[in-house]
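Working notes for the structure below.
Residue numbers start from 1 in every chain, and the chains themselves are labelled A, B, ... in the order their sequence lines are given, proteins ahead of strands.
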2 protein chains.
Amino acid sequence: MPKVETFDRNTVLQKATEVFHKKGYNGTSMQDLVDATSLNRSSIYNSFGSKLNMFMEVLSHYQSLYGNNFSQKLAQSYNATEAVEAIFNLYVHEIINDNDRKGCLVINCKSEMTNQEPLIKSFMEKNQDRMIAMLEDIVTKGQMEKIFNQNQTASQYALYLFSSIQGLRMTGILNKNEEDLRNLIRTILKVLY
Amino acid sequence: MPKVETFDRNTVLQKATEVFHKKGYNGTSMQDLVDATSLNRSSIYNSFGSKLNMFMEVLSHYQSLYGNNFSQKLAQSYNATEAVEAIFNLYVHEIINDNDRKGCLVINCKSEMTNQEPLIKSFMEKNQDRMIAMLEDIVTKGQMEKIFNQNQTASQYALYLFSSIQGLRMTGILNKNEEDLRNLIRTILKVLY
DNA sequence: TTATTTTTGAAACGATCATTTCAATTAAAG
DNA sequence: CTTTAATTGAAATGATCGTTTCAAAAATAA
């Protein structure tokens with residue numbers, strides 16, 4: 001029957017992710033994507049539909065990479081403290097190794113496109129729900145273990161942590177001093193204890 | 001001698017600010033700016049030099065509007081608690097009235113352009129220095145008044161507040177529930193006391 | 001091998017991009 | 001009123017935008 005896709009979809013998505021991450025959605029041209037992926041224009045359109053569609057897949061790809069990292073770290077954690085610190089350590093690592101100051105693809109996209117593209121807005125809503133649910137689980141666990149206080153509900157602390165992560169990620173674009181970042185995180189987490 | 005600029009530069013900057021804020025730098029075309037400002041193309045280039053140059057002026061314009069607001073609120077504050085709360089109230093107000101979810105122009109620009117435009121990077125560095133200096137002043141005052149604790153230095157708390165503000169502003173793009181936001185801020189500020 | 005179906009490559013689509021050009025217009029100064 | 005110098009309007013610049021077209025190439029199933 002038909003000829004089949006010759007390229008590896010994940011590799012292509014990875015290359016596309018790099019371009020979008022570096023230049024942003026509006027800053028990335030289809031030519032950039034052709035160059036980065038070594039795919040032909042028509043192959044991209046044939047396989048991904050449109051620039052926006054490809055970007056949506058890139059977002060999911062990026063998210064699932066992160067999600068897997070998260071799950072792995074969380075599974076290795078004995079208690080809520082370790083879990084929450086594993087998460088923040090992941091971000092510190094991400095920030096310090098982000099040599100060209102791209103920041104977080106998802107956060108960049110949130111600020112660039114949430115008010116322009118309904119698809120992005122709903123992606124961001126789901127992303128927030130997922131993140132907050134995960135954080136709430138950890139906080140609940142920590143509160144049950146009496147490691148975290150109960151001054152605020154798990155849901156409130158989850159929103160606080162979600163917000164703090166976004167702030168950390170934005171701060172990390174310019175500030176890459178590890179000691180400063182670790183101090184910052186210590187301050188962020190203090191309210192939980 | 002020469003004919004003089006007929007338009008009001010501040011009005012034009014205001015209109016340009018609205019467009020850039022709504023669409024982002026890369027999402028804004030010169031045609032958008034022509035339409036919004038009712039200026040002719042050549043007048044824009046004659047008066048502002050280039051799109052990037054105009055954007056830099058827009059950033060300064062936006063920043064000075066905010067800065068004035070800040071100074072005013074701070075001058076009206078009796079103590080550090082009032083000062084810090086005045087600042088966060090300003091952001092809550094900004095978030096709640098941001099009906100089209102544009103977020104903060106400066107933060108959006110930071111994530112979109114810091115890694116692409118040296119002029120923007122240095123603007124953001126100066127912006128961060130200014131913000132942190134102001135926050136550090138408030139924290140120092142609060143610590144001297146024994147209102148804030150001394151668990152961390154004023155400089156560390158300032159970075160924490162700066163980071164928290166960015167997080168709050170990002171969170172506010174999707175979450176506009178005032179009670180949630182006020183809870184979030186309460187949690188953020190608790191560490192100071 | 002042949003028929004079938006899809007992916008490719010290369011070129012072209014019209015629209016829009018940021019910027020420039022230049023003559024016409026305008027307003028202040030002499 | 002004339003001179004002078006900057007601001008305007010309108011059109012055009014070449015480049016690039018995202019997307020489409022279509023014939024050639026390729027790979028599977030019969």
If only side-chain N and O atoms count, and only distance matters, is there a donor-acceptor pair under 3.5 Å linking [Y] with [X]?
| X | Y | value |
| --- | --- | --- |
| B/N183 | B/E179 | no |
| B/D32 | B/S29 | yes |
| B/Q166 | B/K110 | yes |
| A/N89 | A/R182 | yes |

Quiz item: Crowded around B/K176 NZ? As in, over 12 foreign heavy atoms under 6.0 Å?
Solution: yes

Practice problem: Would you give a per-nucleotide map of nucleotides 10-20 of chain C, 5' to 3', where B means the base has a protein non-hydrogen atom under 4.0 Å away, S means only the sugar-phosphate does, and - means neither? | Solution: BB-----SSBB

Quiz item: How far does the helix from C/dT1-D/dA30 to C/dA12-D/dT19 bend, going by the axes of its first and last five pairs, to the nearest 10°?
Solution: 20°

Self-check item: B/Q31/B/D35 under side-chain hydrogen bond (donor to acceptor under 3.5 Å, both in side chains): CA gap, chis, key distance, verdict
Solution: CA-CA 6 Å; B/Q31 187 59 50; B/D35 294 342; 3.0 Å; yes

Quiz item: Aromatic rings A/Y62 and A/Y66: how do their planes relate, parallel, tilted or perpendicular, breaks at 30° and 60°?
Solution: tilted

Quiz item: Using the ring of each side chain (for Trp, its six-membered ring), is B/F70 parallel, tilted or perpendicular to B/Y91, with breaks at 30° and 60°?
Solution: perpendicular

Quiz prompt | Any pair counted as ring-ring contact (aromatic ring centres under 6.0 Å, His included), so long as it reaches residues 162-193 of chain B, sequence neighbours left out | solution = B/F148-B/Y193

Quiz item: With sequence neighbours left out, which residue pairs that include part of residues 113-132 of chain B fulfil the side-chain hydrogen bond (donor to acceptor under 3.5 Å, both in side chains) condition?
Solution: none

Self-check item: Stretch residues 110-123 of chain B: residues that reach within less than 4.0 Å of DNA chain C through a heavy atom
Solution: none

Self-check item: Axis deviation across the helix from C/dG14-D/dC17 to C/dG30-D/dC1, five-pair ends, to the nearest 10°
Solution: 30°

Quiz item: Among B/T140, B/V191, B/L135, whose side chain to side chain contact (heavy atoms under 4.5 Å, CB included) with B/Y157 holds?
Solution: B/V191

Exercise. May I have the distance from A/N53 (atom CG) to D/dG18 (atom P), rounded to whole angstrom?
Key: 15 Å

Quiz item: For the pair made of CG in A/L33 and C1' in D/dC17, what is the distance, rounded to whole Å?
Solution: 12 Å

Exercise. Could you tell me whether A/F48 contacts a base, only the sugar-phosphate backbone, or nothing, with contacts defined as non-hydrogen atoms closer than 4.0 Å?
Key: nothing

Exercise. Output yes when a side-chain donor or acceptor of B/Q156 lies under 3.5 Å from a complementary backbone atom of A/L184, and no otherwise.
Key: no

Quiz item: When hydrophobic residues are tied together by side-chain contacts of less than 4.5 Å, even through go-betweens, does B/L59 share a cluster with B/L65?
Solution: no

